[in-house]
There are 4 protein chains.
Amino acid sequence: MKGLISRRGKVSKPSPRRQEQKLHRQAEILNAGFEVFAAHGYEAARIDDVARQAGVAKGTIYLYFRDKEQLFRAVVRSLVQKRFDAIAGDFEGKAGELLRELLSRMYGQIVRSDKVCAIVRLLIAEGGRFPQLTEIYHREIIAPGMKAIRHVLTQGIASGEFHKTAAVEFPQLLAAPGVLAIVWKVLHGQRHRLDLDAYSQAHLEFLLDSLRKQTV
Amino acid sequence: MKGLISRRGKVSKPSPRRQEQKLHRQAEILNAGFEVFAAHGYEAARIDDVARQAGVAKGTIYLYFRDKEQLFRAVVRSLVQKRFDAIAGDFEGKAGELLRELLSRMYGQIVRSDKVCAIVRLLIAEGGRFPQLTEIYHREIIAPGMKAIRHVLTQGIASGEFHKTAAVEFPQLLAAPGVLAIVWKVLHGQRHRLDLDAYSQAHLEFLLDSLRKQTV
Amino acid sequence: MKGLISRRGKVSKPSPRRQEQKLHRQAEILNAGFEVFAAHGYEAARIDDVARQAGVAKGTIYLYFRDKEQLFRAVVRSLVQKRFDAIAGDFEGKAGELLRELLSRMYGQIVRSDKVCAIVRLLIAEGGRFPQLTEIYHREIIAPGMKAIRHVLTQGIASGEFHKTAAVEFPQLLAAPGVLAIVWKVLHGQRHRLDLDAYSQAHLEFLLDSLRKQTV
Amino acid sequence: MKGLISRRGKVSKPSPRRQEQKLHRQAEILNAGFEVFAAHGYEAARIDDVARQAGVAKGTIYLYFRDKEQLFRAVVRSLVQKRFDAIAGDFEGKAGELLRELLSRMYGQIVRSDKVCAIVRLLIAEGGRFPQLTEIYHREIIAPGMKAIRHVLTQGIASGEFHKTAAVEFPQLLAAPGVLAIVWKVLHGQRHRLDLDAYSQAHLEFLLDSLRKQTV
DNA sequence: CATGAATGAGTGTTCATTCAT
DNA sequence: GATGAATGAACACTCATTCAT
């Protein structure tokens, strides 16, 4: 009830205009927070920088988030929510085609995204401090992703296109080159750039070599 | 001879005893530094903690390293030097056996090592701040590792055991599941433990499925 | 108009009230800084002491001055600005009177001032580290002072009251006893106090003896 | 008695050789101390630098001086002892000649000496912290110097060469330009160099103008 | 609501002093 | 005696957090 009744006794109307502005401002702070946290990591990130980046005063941050830690959590959570919806789409057609489509999305929307790379770095760097965040990430992204891979595989096996494979147990084996590519980008950035087109193509071939039944 | 006789005629005795102790001290500080940096990352690491962990006074650290940054660099460099010598061993025998051996070492000595995982986390987390360090890592570890993989593949292809594969261009495809396992450990630690025995076994089967010529 | 309207449309109010307080704060810090630097010298001065003396928290100092050095520079500069305006006044009348007036001001406003003595000590002590500061002091105080002396002398010579003197070349000769008195105060403080009234009187007589034409 | 009997019960002979070396080393430390203290002041001086400059280990300093403060005191005292003996010589001849000689020595041996300037700076800078040191300086240097000046003046007056002057009461008036010259050197060092030859010449003329009886 | 000046606990670093060798 | 490695108290400076305006 707190806050619903103003000091003057009038019913406080959140004023949709205001409400909107508030959300907008919160979003701006979250964006700014992401940029700063991604650039420097949790400890090295300065609230001052977040505020400047967001175009608000330092104190304003504290109107929206209790402290630095809550800001960080909110930033990471906000990132999870938007991501990877695209992949959730269902696949139809031959298993080989599905696989191609899956990889295409994986590289196109995940590996290539600088934002995703930044998120991954952040999670790896700060995961120890904030295990719940990686938990969210696992639940929302990793598990569904593995489920999708497993789905394609079982479908391919059922249709006779693929032979039985240990990858059903460990869908990670299929996704691993994508993960490596992200880590590679994060670690070697500009200096040893991976040719992602060729790499993803090789990845697909490699998978099909492994999965397809001998067509003798 | 330089330095043996001081300007004042005093015999300068580096005193092998002292010298030894100094190296030992330095090693202790590096170890302590690794633990603290690995646990908290560069920024959040406290020199105080490193000192306590090493069993020396805070000031002592600065007798061995100019500042926190130099300590960190030294820590990371010291880790690179010791690692991964084992893998450099040469392989003889059938390509399939080589591959099995390679994976066995990869999982046994790298993926399973908590220390390696900590190093990887550290490099990913702080690589942006210290690009030279990841560069060293690339030169000393990644590049030789990729060369070893490529060697096994070309040998297998030459002997007719393996068919041609895009993995010769991108040896990363072979190693990727190992990298993923490390990242997995780093991210999900205890909570979603990967059964490494089964995983590595699946990895090997998956690779052989992909690489071996159809034996009809 | 710059800055009145912020990017977000918020009216930025420098708030004259705030502005004023800020200047007042700054002045307080400068005063405190002077006392502490004067008492201990640059190196031995503690920012903590300056803060306590100024009645603010340590961090506040750094809102107004980048670091200890900038604070010190600002302190010294602030001292130069206020000083010695009085002397700049123009003199009328007989040269002998002018001289008496000049000395009177010199002793009354400069030599007697504990603050001036402190400044001189500070400049002598720290001049090596901050040459620009003594440069300012030379430009703003010394050079004008010498000009004033020279003016009195040439006027006296022109009017036939004084004979030609080497002091026109070196006005320092006239001011020297004042400088000595300051150094004396700084060095011997309480212990061998100089009777400034008698001393300045002797100084005047000595000068007139030297400058006046023999009246046979 | 302490130290006279060695542990072995033999009478300990200080061994003149050793004794000598010890004094020599002490002297070297004092010299080094002076250079470092003169260059940086008491607080900013580093014992480390003194040791390096003296060519001994840091710990050795503490074999000769209890702590930094005692070292500083010893340095300053050692400087006083050697100085200004020359001036103590007695003067014979006409008062005007005596004065010329006095000034010649003052400028030649005091004002021109970089070492003296450094000492003066040191005394002014640190006198507040070490009043006893300036006291020594006053007793050993200033007072005798003033006595010498007074002597010349009274002799000149007695011989009828000089008329009565307030400078007998305040011999500082005679020496002041020398003090100013030192302060000038200390403050303006290279940037506004004083032509000491012309300056001292002007000083002499100025004094004689003031002191000599009208020779009409 | 928003601001940004103020706070002060906390950190990296220095350096006088000690002491085992 | 001489050394220089080790110590730890002390200090400049930072930055998350608060709060008067």
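Order of the sequence lines fixes the chain letters, A, B, ..., with proteins taken first and strands second; residue numbering starts at 1 for each chain.
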Within-4.5 Å side-chain heavy-atom neighbours: C:Q132 and C:R73: yes
Extract the stems that DNA chain E is part of, considering only consecutive pairing runs of at least three Watson-Crick or G-U wobble pairs, both distances under 3.5 Å. E:2-21 with F:2-21
Mapping A:D67 and C:Q21 to their closest nucleotides on DNA chain F, which lands nearer the 5' end? A:D67
Answer yes or no: is there a side-chain heavy-atom contact under 4.5 Å between A:I136 and A:R77? yes
Heavy-atom donor-acceptor pair, A:K68 side-chain to F:dT17 base, under 3.5 Å: no
Would you mind classifying the nucleic acid contact of D:L63 as base, sugar-phosphate or nothing, using non-hydrogen atoms under 4.0 angstrom? base
For A:A45, answer base if it contacts any base atom (sugar-phosphate contacts may also be present), sugar-phosphate if it contacts only those atoms, and nothing otherwise; contact means non-hydrogen atoms under 4.0 Å. sugar-phosphate
Please evaluate residues B:R129 and B:E43 with respect to the criterion salt bridge (Lys or Arg N to Asp or Glu O under 4.0 Å), reporting the C-alpha separation (whole Å), side-chain torsions for both, the decisive distance (0.1 Å), and the verdict. CA-CA 11 Å; B:R129 230 189 299 256; B:E43 278 285 336; 3.6 Å; yes
Could you tell me whether the side chain of D:R121 and the main chain of C:I124 form a donor-acceptor pair under 3.5 Å? yes
Give a yes/no on whether any side-chain N or O of B:R46 is located under 4.0 angstrom from OP1 or OP2 of E:dG12. yes
With the side chain counted from C-beta on, respond yes when C:K22 and C:Y64 share a heavy-atom pair under 4.5 Å apart, and no when they do not. yes
Given 3.5 Å as the limit, does a donor-acceptor pair link the side chain of B:K68 with the main chain of B:Y42, or not? yes
Name the nucleic acid region contacted by A:A44, choosing base, sugar-phosphate or nothing; use a 4.0 angstrom heavy-atom cut-off, strictly under. nothing
Please figure out whether B:V56 or C:Y42 has its closest DNA chain F nucleotide nearer the 5' end. B:V56
Can you confirm whether A:L79 sits close enough to A:F34 that some side-chain heavy atom of one is under 4.5 Å from a side-chain heavy atom of the other? yes
Side chain of D:I47 (C-beta onward), nearest among E:dT17, F:dT14, E:dA2: E:dT17
Of the candidates F:dA2, F:dT17, F:dC13, the side chain of D:Y64 sits closest to F:dA2
Indicate whether OP1 or OP2 belonging to F:dA6 is found under 4.0 Å from a side-chain N or O atom of B:R25. yes
Counting distance alone, no hydrogens or angles: does the base of F:dT7 have a donor or acceptor under 3.5 Å from a partner atom on the side chain of B:K58? no
